[in-house]
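What you see is a predicted model; the values in this text were computed from it and never measured. Counting convention: from 1, in listed order, for ligands and their atoms alike.
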Amino acid sequence: MIKHILFDLDDTLYPTSAGLMHAISARMSEYMVTRLGIPAEDVDRQRRDYWSRYGTTLRGLYVERHIDPQDFLDFVHDVRVERYLPPDARLEAMLARLPQPKSIFTNASAKYAHAVLRALGIEKHFGAIFDIVFVEYHSKPAPSAYDKVVAALPVRADECLMIDDAARNLVPAKRLGMKTMWLKGSADALLAEGSECADFTIKTIYEVAEVSMRGEL
Ligand SMILES: [Mg+2]
C-alpha cells in the first residue's frame, strides 16, 4: 500500500518538449564557458563525463572545480520558468485524485522547484520539497540522498512510490524497498540506464492516476 509519492521535478512533472531543461542546460554550459573559462568545444564532453561519474554537472563542478554551488544554481535557474510552462489543469486534476501525500525530490534548488510548481498551478499538492541543498549537494542517484529523504518522511521506504524520468535515479530507491515508476519521456538511452528496476513504466505523468485506479499502488 503506497502512502507517499515522491516526484522528480524536471522532465517528469512537465514534458521534455516544454524546453525548460534545454534552456537550463544551455545556462549550465554558459556558466562553464564564461565563469570557468572552459573551452566551448569541451563543454558537452565534460558534462557527459560528470553526468556518468557524479550524477549531475553541479556535482562534477563542485568536486573537481570547487565551485560555489549556490552561485551555480542561481546562474542556471535564472530563466523565466512561466515562459516555458503554462498552467496544467489536467495534471492538477490528476494530482487531486491521488489520495497519497506528495513530495518533490529534485537535484535542483527549492526556490526553482517552487517556481515550476507555481507555473504549472500545482503547488498546493506538494508538502516537502527535498532539494539539492537538503541532500547536501549529493545529487541523485547518490544513495546518501535517499537515506536523508527517507529519514525525513513520516512513512517507511516500502510505503513510498518514487517517480523519475531518469531510470538510474530509481535504483537506490528500489534498493531501499520503494516502489518505482519510470517515466519514459524520451528515447535518450542514458535515461534508460537502470530501467530494469522499475516496477511501472509510464509515457506521460498523467498515467499515474491510471495505475492508481487499477489498484496497483
Ligand atoms: Mg528529471
Side-chain angles (χ1 to χ4, degrees), residues 5-29 47-48 50-60 69 72-73 76-77 79 81 84-85 88 91 94-95 102-120 122-123 125-126 128-135 137-143 145-146 148-149 160-174 178-208 211:
I5 306 180
L6 283 172
F7 288 82
D8 171 48
L9 184 80
D10 289 308
D11 288 354
T12 292
L13 288 176
Y14 62 85
T16 306
S17 59
L20 177 57
M21 267 318 280
H22 189 78
I24 289 170
S25 183
R27 292 286 291 166
M28 291 187 194
S29 297
R47 288 189 55 194
R48 272 196 301 276
Y50 286 165
W51 163 270
S52 60
R53 286 197 294 138
Y54 297 109
T56 54
T57 297
L58 168 58
R59 185 76 195 157
F72 176 85
L73 288 167
V76 304
H77 290 148
V79 293
V81 170
Y84 298 89
L85 302 179
D88 189 342
L91 179 58
M94 188 210 73
L95 292 169
K102 303 158 192 68
S103 299
I104 299 290
F105 183 14
T106 176
N107 281 340
S109 70
K111 183 179 166 206
Y112 165 79
H114 277 294
V116 167
L117 298 178
R118 212 176 304 125
L120 292 168
I122 58 173
E123 203 173 12
H125 292 292
F126 295 91
I129 294 181
F130 300 109
D131 76 336
I132 190 69
V133 178
F134 178 82
V135 298
Y137 301 106
H138 290 275
S139 32
K140 293 182 285 183
Y146 298 71
K148 281 204 173 65
V149 169
C160 240
L161 170 71
M162 181 164 163
I163 307 171
D164 204 303
D165 68 298
R168 67 176 187 167
N169 289 346
L170 299 172
V171 176
K174 182 79 180 172
M178 289 187 202
K179 283 265 193 234
T180 53
M181 189 178 280
W182 178 39
L183 192 151
K184 188 178 186 232
S186 75
D188 190 336
L190 275 180
L191 296 173
E193 279 173 22
S195 58
E196 63 283 352
C197 84
D199 295 304
F200 306 98
T201 300
I202 56 174
K203 288 274 178 62
T204 76
I205 193 64
Y206 307 114
E207 290 169 48
V208 181
V211 177

Asks: Just so I know, are the side chains of F134 and V149 near enough to count as touching, which here means a heavy-atom distance under 4.5 Å?
Replies: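 Yes. Closest side-chain heavy atoms under 4.5 Å.
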
Asks: Identify every side-chain donor-acceptor pair in residues 6-13 under 3.5 Å, counting partners at least two apart or on other chains, and give the distances.
Replies:
| from | atom 1 | to | atom 2 | distance (Å) |
| --- | --- | --- | --- | --- |
| D8 | OD1 | K140 | NZ | 3.0 |
| D8 | OD2 | T12 | OG1 | 2.7 |
| D10 | OD1 | Y14 | OH | 2.6 |
| D10 | OD1 | Y112 | OH | 2.6 |
| T12 | OG1 | D165 | N | 3.2 |
| T12 | OG1 | D165 | OD1 | 3.2 |

Asks: Are I129 and L117 side-chain neighbours, meaning at least one heavy-atom pair lies under 4.5 Å?
Replies: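 I129 vs L117: side chains touch.
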
Asks: Counting no waters, how many protein N/O/S atoms sit under 2.8 Å from the Mg ion (ligand 1)?
Replies: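 Protein heteroatoms (N, O, S) closer than 2.8 Å to the Mg ion (ligand 1) number 3.
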
Asks: Measure from the side-chain N and O atoms of Y146 to the backbone N and O of N169, and report whether any donor-acceptor pair falls under 3.5 Å.
Replies: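 Side chain of Y146 to backbone of N169: a pair is present.
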
Asks: Applying side chain to side chain donor-acceptor pair (under 3.5 Å), can you list everything that pairs with T57, at least two apart in sequence or on another chain?
Replies: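 T57 satisfies side chain to side chain donor-acceptor pair (under 3.5 Å) with R47 only.
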
Asks: For R48, which residues count as a salt bridge (Lys or Arg N to Asp or Glu O under 4.0 Å) partner, sequence neighbours excluded?
Replies: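 Listed in chain order: nothing, the list is empty.
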
